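Taking it in order: structure first as structure tokens, then the write-up.
The chain is numbered in sequence order, starting from 1. Values in this document were obtained by computation on a predicted structure and should not be read as measured data.
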Amino acid sequence: MADRIDALLQFLARQQRLRRRELLGGLLAAGTLAACRQAATPTPTPAPAATPTPAAQAPAGEFAVPGYDDPNRWKGRSIVVTSWGGALQDALRKTIYQPFSRLTGCQIVEDTTDEAKLRTMVESGTVEWDVVDVGTESVIPMGRLNLLEPLDYSKIDTTDIFPELVLEHGVGYFYYSTCLAYRKDKFPDKPPQSWADCWDVQGFPGPRAFQKYIQWGPLEAALLADGVPIDQLYPPDVDRAFRALDRLKPHVTVWWEAGAQPAQLLTDGEVYLTDAWIARIQFLIEQGSTVLGYTWNQGRLSSDSLVIPRGSKNVDVAHDFINFALRPEVQRAFALAYPDGPANKRAFEALPAERVAVLPSAPQNKALQVYPDYQWWADHLDEVVERFNSWIAR
């Protein structure tokens, strides 16, 4: 069992690097669609983790956080916090790391998430990290391998946190979405609004793209296209999903592997419909694109979680950092800096309506989407992925 979980964890780690965390970094740095094309090429091998460096001391927007009014609270203490780099980590630094340091006196040292490195640290007894940002799909497998400290929820206030984010060994702190995106000029009178529309090649003609990783959306999309109600997806009928995928497969011209690809494929007119990370599409819309559209309906929510490696030397400060990251004031600041969705329901109370409208976990958007059963995926991931990869290759 441990070997199977280990293989699953290595698989998730590899795909997270190739698929998830080029993020918006290239787009934000270059400000051009050319950067989107460049980011679409998967990296052959994972980049080595960065050398830990103190968080930049540029002034962050100052805001008050109730319960955090003692700048000497953790004076003289430091913790190492990891995430995925790029624009995401820039936003985390400005809205979480620096404010926590300012309000508690704790020094934050940054590093890059690497699940394999985390396991090596824990098993060798030389744990250097204190709080690690991982995809929520990794939390249960890591917990089964005894790599993580169980979270003490007497020290983390989850009163206003969406309940599906609260796990034994980790807690989700932001959402992102994969939804149906399309070219508006190809469907000017009747835009596609569901996965059934994506599967309807007569009513919505044209080439499609779809992602190559079943664990991040295609399984749920296929079942929704086949008529399964959104609240009855789990446990999923995998055979039914593959029968539905069989019907779509002849019309898929690109199986995308990196998050920048869908927006570029749509922009170039190479495809008319695709699943896509909505932050990518929304960014280009805000930059002036008039051809891109999307629907939140039947989207697939995912999340990132904060965990504490087993053997951390700063478990007390780590718990307080996680509690801080979940406060509504902090979540609100992050949502303004980066287009992912807050985990705290109260974060929406003071956000501008136009910002709320583009956040994955905004009440009106979240109600239309499905959140995965990560327990089911932890139990079935390897067999479903193996079947999907064989199916793609046929």
Side-chain angles (χ1 to χ4, degrees), residues 20-29 31 33 35-36 39 61 84 86-92 94-96 160-162 165 172-184 187 191-195 211 216-217 221 230 259-267 273-304 328-371:
R20 290 183 59 204
R21 295 305 179 190
E22 340 93 350
L23 289 162
L24 298 175
L27 289 170
L28 292 171
L33 290 176
C36 196
W84 304 93
L88 171 65
Q89 193 145 339
D90 291 343
L92 294 171
K94 293 175 182 177
T95 63
I96 304 180
D160 298 303
I161 304 304
F162 289 108
L165 298 177
Y173 76 124
F174 66 80
Y175 291 91
Y176 60 98
S177 286
T178 303
C179 300
L180 175 62
Y182 54 88
R183 281 191 65 100
K184 292 165 64 175
F187 312 103
Q193 292 297 303
S194 69
W195 291 116
Q211 67 175 296
W216 281 300
I230 199 167
Q261 285 180 271
Q264 188 67 48
L265 290 166
L266 290 171
T267 299
L273 304 94
T274 181
D275 60 341
W277 301 340
I278 292 313
R280 295 287 188 139
I281 303 297
Q282 181 61 33
F283 176 80
L284 294 182
I285 291 173
E286 291 174 359
Q287 295 303 301
S289 173
T290 60
V291 300
L292 301 179
Y294 64 89
T295 177
W296 293 107
N297 188 43
Q298 298 183 339
R300 206 266 202 177
L301 280 168
S302 302
S303 65
D304 268 27
E329 299 80 9
V330 178
Q331 291 268 302
R332 188 178 303 125
F334 175 71
L336 286 169
Y338 197 82
D340 279 336
N344 191 307
K345 302 170 189 176
R346 290 181 51 211
F348 295 100
E349 293 174 1
L351 285 172
E354 60 272 19
R355 189 59 171 177
V356 172
V358 301
L359 296 176
S361 58
Q364 68 271 29
N365 298 332
K366 190 173 187 289
L368 298 173
Q369 301 178 77
V370 60
Y371 188 77

Subject >> Candidate pair Tyr175 and Phe162, rule side chain to side chain contact (heavy atoms under 4.5 Å, CB included), full reasoning >> reply: CA-CA 10 Å; Tyr175 291 91; Phe162 289 108; 3.0 Å; yes
Subject >> Verdict with supporting geometry, Leu180 and Asp275, side chain to side chain contact (heavy atoms under 4.5 Å, CB included) >> reply: CA-CA 5 Å; Leu180 175 62; Asp275 60 341; over 6 Å; no
**OP:** Start with the C-alpha gap between Thr290 and Lys184, add the side-chain angles, then the distance that decides, and say whether side chain to side chain contact (heavy atoms under 4.5 Å, CB included) holds.
**Re:** CA-CA 8 Å; Thr290 60; Lys184 292 165 64 175; 5.9 Å; no
Original post:
Should Asn297 and Gln193 be marked as a side-chain hydrogen bond (donor to acceptor under 3.5 Å, both in side chains) after you check the CA-CA gap, both sets of side-chain angles, and the distance that decides it?
Top reply: CA-CA 7 Å; Asn297 188 43; Gln193 292 297 303; over 6 Å; no
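When every heavy atom of Ser177 is checked against every heavy atom of Leu301, the shortest pair comes out as OG-CD2, 3.3 Å. Across every non-hydrogen atom of Asn344 and Arg346, the tightest pair is OD1-N, 2.9 Å. Of all non-hydrogen atoms in Leu292 and Ile285, the two that sit nearest each other are O-CD1, 3.6 Å. Counting all heavy atoms, side chain and backbone alike, Gln369 lies closest to Arg300 at OE1-N, 4.0 Å. Nearest heavy-atom pair across Ile281 and Ala276 is CG1-CB, 3.9 Å. Taking each heavy atom of Leu284 and Ala263 in turn, the nearest pair found is CD1-CB, 3.5 Å.
Side-chain atoms of Asp340 and Ser303, non-hydrogen and from C-beta on, never get closer than 4.5 Å to each other. Looking at Lys94 and Tyr338, their side chains never come closer than 4.5 Å, going by heavy atoms from C-beta outward. At least one side-chain heavy atom of Val291 sits under 4.5 Å from a side-chain heavy atom of Arg183.
Legend: residues meeting ring pair (Phe, Tyr, Trp, His ring centres under 6.0 Å) with Phe348, ordered by chain and number and at least two apart, are absent.
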N/O donor to acceptor pairs below 3.5 angstrom from side-chain atoms of residues 354-362, sequence neighbours left out:
| from | atom 1 | to | atom 2 | distance (Å) |
| --- | --- | --- | --- | --- |
| Arg355 | NE | Ala335 | O | 2.9 |
| Arg355 | NH2 | Ala335 | O | 3.0 |
| Ser361 | OG | Pro342 | O | 2.7 |

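Between Phe174 and Tyr176, the two ring planes are tilted [angle within 30° to 60°].
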